[in-house]
Amino acid sequence: MLNLEDNVEKLKLDKKIESFLKDNKIYTIKEVVNKSKSDFKTLGLVQNDISDIEIKAELQGFKLKGSL
């Protein structure tokens, strides 16, 4: 089981998404789940990438901010 303080790499996202997150100073799982889908869209991610983040987080038991 992953911890909120773990690096975002532990979510095993696509390298392009990992790079995008780092460029936006998002380094930990906690920082990822404290963002909503709208936040990611505002940062410039496309829907497919946002869905990938959401799915990988949910598989580890985490939910994005505002998700049911």
- Message: Please evaluate residues Ser36 and Asp39 with respect to the criterion side chain to side chain donor-acceptor pair (under 3.5 Å), reporting the C-alpha separation (whole Å), side-chain torsions for both, the decisive distance (0.1 Å), and the verdict.
- Response: CA-CA 5 Å; Ser36 67; Asp39 293 334; 3.2 Å; yes

- Hey, what do you get for CD (Glu54) to CG (Leu59), rounding to the nearest 0.5 Å?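 Answer rounded to 0.5 Å: 10.5 Å.
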
- Task: Evaluate the criterion side-chain contact (heavy atoms from CB on, under 4.5 Å) for residue pair Glu31 and Thr28; output intermediate values, then yes/no.
- Result: CA-CA 5 Å; Glu31 291 169 321; Thr28 65; 3.3 Å; yes

- Item | Non-hydrogen side-chain atoms of Lys16 and Asp49 separated by less than 4.5 Å |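 Yes, at least one pair of side-chain atoms sits under 4.5 Å.
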
- Do Lys22 and Glu9 have side-chain heavy atoms sitting under 4.5 Å apart?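 In short, these two side chains touch, coming nearer than 4.5 Å.
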
Got a donor-acceptor contact below 3.5 angstrom from the [X] side chain to the [Y] backbone?
{"X": "Ser67", "Y": "Lys63", "answer": "no"}
{"X": "Ser19", "Y": "Lys15", "answer": "no"}
{"X": "Lys56", "Y": "Lys12", "answer": "yes"}
{"X": "Asp52", "Y": "Asn48", "answer": "no"}

- Task: Applying salt bridge (charged side-chain N to carboxylate O under 4.0 Å, His left out), run through Lys10 and Glu18 and close with a yes or a no.
- Result: CA-CA 10 Å; Lys10 298 245 179 149; Glu18 283 182 13; over 6 Å; no

- Message: Side-chain heavy atoms under 4.5 Å apart, restricted to Ile/Leu/Val/Met/Phe/Trp/Tyr: what other residues fall into the cluster of Val33, or is it alone?
- Response: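 Under the 4.5 Å side-chain rule, Val33 groups with Leu2, Leu4, Val8, Leu11, Leu13, Ile17, Phe20, Leu21, Ile26, Ile29, Val32, Phe40, Leu43, Leu45, Ile50, Ile53, Phe62, Leu64.
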
